[in-house]
Amino acid sequence: MGKRILDILNTETSQPSITAEGWIQTVRTSGAVTFFEIGDGSTIFNLQAVADATLPDYTQLQHVPTGAAVRCKGELVASPAKGQKWELHLSHMEILGGVDADYPLQKKRHSFEFMRTIAHVRPRARTFQAVFRVRHALQMAVHRFFDEQGFIQVHTPIITASDCEGAGQMFRVTTLDMDKLPRKDGRIDFGKDFFGREASLTVSGQLEGEIFALAFKNIYTFGPTFRAENSHTARHAAEFWMIEPEMAFCDLAGDRAVAEDFIKYIVTEVLNRCSDDIDFFNQWIEKGLRDKLESLVQAEFATVPYTEAVAMLEKSGEKFEYPVKWGLDLQSEHERYLTEKLLKKPMFVIDYPRDIKAFYMRLNDDEKTVAAMDLLVPRVGEIIGGSQREERIDVLDKQLRHFDLNPEDYWWYRDLRRFGGVAHAGFGLGFERMLMYVTGMQNIRDVIPFARTPGNAEF
RNA sequence: UCCUGCUUAGCUCAGUCGGUAGAGCGGGUGGCUGUUAACCACUAGGUCGGCGGUUCAAGUCCGUCAGCAGGAGCCA
């Protein structure tokens with residue numbers, strides 16, 4: 001195994017003899033000299049390999065196609081031309097894997113839409129190499145942050161028989177024979193199914209996360225999440241990854257503090273570890289991306305109660321497509337106006353009306369609002385949603401009835417309030433949405449290796 | 001599910017008022033002593049998404065179906 005391209009390019013001195021392996025990104029011929037750019041995914045930059053007529057089989061090798069897998073040997077020397085510090089003067093090049101004529105990647109820009117149809121070669125393209133390097137770095141940063149803060153990661157179940165999750169349409173999991181469904185009283189008898197009851201793929205690990213928070217104090221989940229909504233937007237996928245920390249002995253202010261530290265930490269990590277990739281996105285994908293990220297890290301996040309946010313919007317004089325009124329949820333145009341135009345920095349909106357939020361959020365003393373928080377950031381809008389959880393069992397039961405839910409279905413969730421229950425809080429962050437924010441990519445399908453969306457599960 | 005838009009060469013697109021199908025990139029061939037979105041010349045490459053209609057004549061107008069994308073809703 002030869003050195004990675006990244007290591008070769010970071011060499012301090014010239015090298016009389018090195019081996020480099022990778023895929024041909026592009027070939028240029030000028031007179032008696034041919035330039036091959038070779039990449040292996042380790043960095044946004046390619047290694048320029050230079051060949052002339054002294055190379056054995058030079059005339060054949062001039063025609064090595066884009067995409068070919070090669071092993072190169074030669075001398076690494078300082079490059080006389082601009083564009084790269086080092087280049088490889090070839091003494092030998094071996095083609096390990098050729099390329100058929102219908103190789104779809106060309107040395108030009110393709111539409112992201114076309115790239116989605118060739119997800120098996122898409123990771124070879126520069127933009128996607130950068131996306132998936134950053135995806136890895138961001139993921140590592142998430143684990144590192146929580147580990148350093150003393151959080152325990154919990155692997156909450158992917159298959160759930162709990163119908164208490166109640167956040168959108170769920171995918172059913174079954175081993176029943178679809179052609180011969182067992183029936184009882186005219187309805188499908190899920191008692192005959194694998195788990196003896198209806199089962200689905202999880203839409204959230206939060207409720208199970210609360211169980212562990214009430215044992216380990218600070219925990220987080222980071223796993224796949226599934227929503228069967230027929231959503232056709234750039235921000236929705238049927239399968240995505242979600243991060244959900246949960247902290248016991250913690251109120252909404254503590255929740256906010258963790259969220260702010262967390263976002264700043266993971267963005268800082270990406271800036272430090274993927275600086276070249278961020279430069280690439282800054283140039284080709286989103287102008288001003290680097291400034292956006294660096295100012296997020298510096299900014300002191302604001303906190304505005306929902307009631308005040310509504311008042312601010314009402315007296316802004318701004319014309320909105322959707323109405324602004326106490327009791328209505330904020331539309332993304334409202335969120336963006338607040339964070340981009342009015343405050344010009346990340347902001348938490350807290351204390352939302354109880355009727356537009358979930359049953360488990362802690363009821364405030366005014367009995368009209370709940371201890372919820374959304375973190376809004378410029379150019380994206382909502383990126384985190386969280387709350388302090390209702391720990392008082394009488395109030396929780398009242399909330400369940402208020403939302404027409406049956407307390408018996410939530411027996412273990414209620415037990416947590418009877419067995420050493422204590423104030424606790426948490427939040428959820430869609431990993432791909434964060435990745436979109438950090439890379440500037442505008443479609444969630446382009447930050448997931450193999451995206452699942454309605455009608456699409458080819459790869 | 002609703003609304004809007006798109007579908008023309010391998011890819012990205014242009015195609016005017018309805019009148020013989022176009023460019024760039026990519027492929028092939030040749031040229032150029034250092035290129036970096038290389039450049040220059042030549043060349044091959046088309047069921048204009050499917051079906052139906054209007055018309056002397058449809059890529060273009062109308063209807064319909066399909067696929068894709070975006071927006072809304074829902075949310076992460």
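Chain A is the first sequence line, chain B the second, and so forth, proteins listed ahead of strands; every chain is numbered from 1. Nothing here was measured: the structure is a model prediction, and the numbers come from that model. Note: hydrogens, waters and symmetry copies are ignored here, and every other heavy atom, side chains too, is used.
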Once you round it to whole Å, what is the distance between [atom2] of [N] and [atom1] of [X]?
X	N	atom1	atom2	answer
A/F112	B/A69	CZ	P	14 Å
A/H232	B/C68	NE2	P	6 Å
A/Q84	B/U36	CD	P	11 Å

Fill in: Mutual orientation of the aromatic rings belonging to A/F114 and A/H110 [parallel < 30°, tilted 30-60°, perpendicular > 60°]
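It falls in the tilted class, 30° to 60°.
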
Worksheet item: Is a side-chain donor-acceptor pair under 3.5 Å present for A/Q399 with A/R354?
Response: yes

Using a 4.0 Å heavy-atom cut-off, does [X] contact any base of the nucleic acid, only the sugar-phosphate backbone, or nothing at all?
X	value
A/S231	base
A/I384	nothing
A/T225	nothing
A/T34	nothing

Would you tabulate the nitrogen or oxygen pairs shorter than 3.5 Å linking the protein to nucleotides 45-49 of chain B?
none

Practice prompt. Return one dot-bracket line describing RNA chain B 5' to 3' (Watson-Crick or G-U wobble pairs, both distances under 3.5 Å; ( ) same strand, [ ] crossing, | another strand, . none).
Written response: (((((((..((((.....[..)))).(((((.......))))).....(((((..]....))))))))))))....

Worksheet entry | Nearest-nucleotide pick for A/T233, side chain only, options being B/U36, B/G73, B/U1 |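 Per side-chain heavy atoms of A/T233, the pick is B/G73.
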
Worksheet item: Which nucleotide sits closest to the side chain of A/T26: B/U36, B/A38, B/G34?
Response: B/A38

Item to complete: Check whether the side chain of A/E113 and the base of B/G70 form a donor-acceptor pair under 3.5 Å.
Response: no

Worksheet item: Counting only distance, no hydrogens or angles, is the base of B/C75 paired donor-acceptor with the side chain of A/H236 under 3.5 Å?
Response: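 Yes, the side chain and the base share a sub-3.5 Å donor-acceptor pair.
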
Looking only at side-chain N and O atoms, does [X] come under 4.0 Å of OP1 or OP2 in [N]?
X	N	answer
A/R445	B/G70	yes
A/S30	B/G34	yes
A/R28	B/U35	no
A/R126	B/U36	no

Worksheet item: Quick one: are the ring centres of A/F222 and A/F146 less than 6.0 Å apart?
Response: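 No, the ring centres sit 6.0 Å or more apart.
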
Worksheet item: Are A/F403 and A/Y360 close enough that their ring centres sit under 6.0 Å apart?
Response: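 Centroid distance A/F403-A/Y360: not below 6.0 Å, so no.
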
Fill in: Distance between C1' atoms of B/G45 and B/A23 (Å, rounded)
14 Å

Worksheet item: Do side-chain atoms of A/E390 reach the backbone of A/F359 as a donor and acceptor pair under 3.5 angstrom?
Response: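 The answer is no, because no donor-acceptor pair under 3.5 Å joins these two groups.
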
Discussion item. Using the ring-ring contact (aromatic ring centres under 6.0 Å, His included) criterion, which residues pair with A/H236? Sequence neighbours excluded.
Written reply: none

